[in-house]
Amino acid sequence: MSMKTIAFLQDASSCFPVLLLISSLTLASSPYFSLALSDSETAFIARRQLLSLPEGGKLPDDYESHVKLKFTFENPRLRRAYIALQAWKSAVHSDPLKTTHSWEGPNVCDYKGVFCAHALDDRKLIVVAGIDINHADIAGYLPVELGLLTDLALFHINTNRFCGIIPKSFSELTILHELDVSNNRFVGPFPEVVISLPALKFLDLRYNNFEGELPSALFEKDLDALFLNNNRFVSIIPETFGSSPASVIVVANNKLSGCIPKSIGKMFNTLNEIVLQNNNLTGCLPVEMGMLGNVTVLDISSNSFSGVLGKTFKGLGKVEELNVANNMLTGFASDDICRLPSLKNFTFSSNYFNGEAESCQPSKRRDCVFDDVSNCIPDRPKQKSAKECHPVLSRPVECSQSMCGGGSPQPRPKPQLPKQKPLKPKPPKEEESPVTRERPPPLKLPPPVVKPPKPVSKPSKQEESPVTRERSPPPKLPPPVIKPPTPVPKQEESPITRERSPPVIKPPPPVEKPPKQEESPVTRERSPPPKLPPPVVKPPTPPVHSPPPPPVHSPPPPVHSPPPPVHSPPPLSPPSAPIVSKPPPKKEVILPPTIGFQYSSPPPPKFPGY
């Protein structure tokens, strides 16, 4: 190496630090160079904003009248604009490109990034109609005084380093049409103040640190474009999602969960692009997605969708970009999808498809890109192993029974109660009536047949029997049979003397003990209802043909009883004079017999509880 070469290298090495310094200054002045804020700087700027906010987050109505200025302005609206822009300049923490250095003096229409126009409500007035300082790399916050810019139609500040929150005073910007605050350092929950902006059509909140839930009212606004991607939203997609008239909706790279609402089908007339990429969405894809006939971009990649691509997807006649990669979809990639007329790119890689039509193979079409790698398709390269495929393919998802996508689960049929069968007659020891049924209408029952025994006592308040009975034996049978006074076990009262129960057929109880007499001394047999066998009556003891015992407790026949029918048989014997005794201690319904009379159907019962 010559001496001249060594001397040149020494001179070059001595100049290297200078060149490095010059290059760093050049990069700092470049419009594409950004000085990132540290976390401490971001917190400092946010604290400054919070300290500057008035109570309630809004300015008083007469705020500008208390601000003393040395300049004169063409109209009051320009004066308010000057107050707002000067407050914003004071809120700037860093301005490496010196965008706000020109914000001096009363002529606000000459400020860099500020645009003036004629007022919409008064063409004679010049007002600040727009602010566009995109890519200015300004660090700072939005002061509450920006609410004084009531003639603002667009507000673009994307790709800066603004921190803090969007103040509530933005609700005063009633004609704001476009709001773009993307690619900044804004924090907090979704800025609901934007929902109150009546004229807003374009909302871009991308690349910030907003978090929490998406309000359902957001998708009911008359927006044309909605960009929410690259934030920290964690909610489900509200059911009002399908009510949005937006043509472009991008919510990629958040932490949204749950299903795609079925209401998405209502967007078939307006939606052109929808990107749900890289969230935590699950479930089957709703069949209503096939109704989106105007969609050109549909990206649902990098979620956890399952099930199959339904047959309705052939309705995506205008789709150009279809991306369903990185999910858990199964089934068959059909020819209907791969031959969509406008399709340019169909990416279904990294799923569990186990078959594809020949038209879906990457080498079959030159005008469309297909990507089928990392699936479970036989005889295709770069597929998953059988060990990876088996756990998913062996448990296919039935979307028709899923709460998401294919349909809600069918309602289970209500179990029908078995029809109650009539109970068979029970043994005599049973205290209840052998047949339990509702009291039939009185007029539809056959007329009663009266036995010759004498009447039995009943309560004084008892006017008529609530039940129509048919008494046996027929007229040709011998007189009623009276059992000897042998005690009957557990037989203390006649089933027909119980409260609110229909008459029951039982053998006659003993009659010889008047103090304990609570039953009728006569055995009556009630005619069985249709379709029931006649009750079984124990064979009586040898009959004793003695006249019936004198009535002890029998009151006179009911006063309200109708006259006997014409065809009734004559009475066997006239009733003797009744002896009225005290009613029994229990409030029971004692059914009076009749002697030789046939009662017509009684009127409706007057007992409480019937």
Side-chain angles (χ1 to χ4, degrees), residues 45-69 73 75-93 100 103 108 111 113-116 119-121 125 127-133 136 138-158 160-182 184-205 208-210 212 215 217-218 221 223:
I45 295 172
R47 280 196 300 269
R48 283 184 59 194
Q49 182 188 33
L50 293 176
L51 292 174
S52 67
L53 290 176
E55 186 177 357
K58 293 185 178 181
L59 291 174
D61 294 337
D62 58 345
Y63 172 77
E64 67 273 11
S65 63
H66 297 287
V67 179
K68 304 299 181 181
L69 301 175
F73 298 88
N75 59 67
R77 301 188 190 186
L78 291 177
R79 183 179 187 274
R80 288 200 299 268
Y82 174 83
I83 296 173
L85 294 173
Q86 292 303 314
W88 196 5
K89 183 179 180 180
S90 300
V92 170
H93 176 72
T100 60
W103 292 14
V108 294
Y111 290 4
V114 177
F115 302 93
C116 293
L120 294 179
D121 58 341
L125 297 180
V127 296
V128 174
I131 293 176
D132 189 342
I133 53 172
I138 298 174
Y141 63 88
L142 304 181
V144 69
E145 286 85 356
L146 290 177
L148 298 174
L149 298 172
T150 54
D151 295 289
L152 211 59
L154 62 90
F155 188 76
H156 293 176
I157 59 169
N158 76 61
N160 284 281
R161 293 175 289 153
F162 288 107
C163 308
I165 63 173
I166 298 177
K168 293 181 180 180
S169 61
F170 267 51
S171 61
E172 303 296 328
L173 310 183
T174 56
I175 65 170
L176 188 65
H177 189 82
E178 297 182 9
L179 177 61
D180 182 1
V181 297
S182 61
N184 281 283
R185 299 288 297 273
F186 290 111
V187 296
F190 182 89
E192 296 202 20
V193 65
V194 304
I195 298 177
S196 65
L197 301 177
L200 192 65
K201 297 292 183 182
F202 179 92
L203 178 61
D204 192 346
L205 305 180
N208 281 286
N209 292 318
F210 293 115
L218 172 65
K221 281 193 65 63
L223 296 173

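Computed from a prediction, not measured in an experiment: that's the story for all the values here.
Residue Asp121 holds its CG atom at 8.5 Å from OG1 of Thr150, rounded to the nearest 0.5 Å. For the atom pair Leu120 CG and Asp151 CG, the distance stands at 7.5 Å (nearest 0.5 Å). Separation of atoms CH2 (Trp88) and OG1 (Thr100) is listed at 10.0 Å; rounding is to 0.5 Å. His177 NE2 to Lys201 NZ: the interatomic distance, rounded to the nearest 0.5 Å, is 7.0 Å. Residue His93 holds its NE2 atom at 8.0 Å from CZ of Arg161, rounded to the nearest 0.5 Å. To the nearest 0.5 Å, the span separating CG on Leu197 from CG on Leu223 amounts to 10.0 Å.
A heavy-atom distance below 4.5 Å is found between the side chains of Leu218 and Leu203. Looking at Leu179 and Leu173, their side chains never come closer than 4.5 Å, going by heavy atoms from C-beta outward. In this structure the side chain of Ile195 reaches within 4.5 angstrom of the side chain of Lys221, judged on heavy atoms. Looking only at side-chain heavy atoms (C-beta outward), Ile133 and Ile138 come within less than 4.5 Å of each other. Two residues are said to be in side-chain contact when any heavy atoms from C-beta on lie closer than 4.5 Å; Phe155 and Leu149 fail this criterion.
Residues Val67 and Ile83 come closest through the heavy atom pair CB-CD1, 4.0 Å. Lys89 and Trp103 make their closest contact through NZ-O, 3.4 Å (heavy atoms, listed as atom of the first residue, atom of the second, distance). The two residues Val127 and Arg77 come nearest to each other via the heavy atoms CG1-CD, 3.6 Å. Shortest non-hydrogen contact noted between Val114 and Val108 is CG1-O, 3.5 Å. The two residues Leu85 and Ile131 have their closest heavy-atom pair at CD2-CD1, 4.0 Å. Shortest non-hydrogen contact noted between Leu200 and Val194 is CD2-O, 3.9 Å.
Ring planes of Phe186 and Phe162: parallel class, angle under 30° (limits at 30 and 60°). Ring geometry for Phe73 versus Tyr82: interplanar angle of 30 to 60°, hence tilted. Between His156 and Phe202, the angle of the ring planes lies from 30° to 60°, which puts this pair in the tilted group.
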Let's go through Leu205 and Val181 carefully: what are the C-alpha distance in whole Å and the side-chain angles of both, what is the deciding distance for side-chain contact (heavy atoms from CB on, under 4.5 Å) to 0.1 Å, and is it a yes or a no? CA-CA 6 Å; Leu205 305 180; Val181 297; 3.6 Å; yes
Decide side-chain contact (heavy atoms from CB on, under 4.5 Å) for Phe210 and Phe190; before the verdict, give the C-alpha distance in whole Å, the side-chain angles of both, and the deciding distance to 0.1 Å. CA-CA 6 Å; Phe210 293 115; Phe190 182 89; 5.9 Å; no
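Ser196 places no side-chain N or O within donor-acceptor distance of the main-chain N or O of Glu192, the cut-off being under 3.5 Å. Judged by distance alone, the side chain of Asp132 and the main-chain N or O of Gly113 form no donor-acceptor pair under 3.5 Å.
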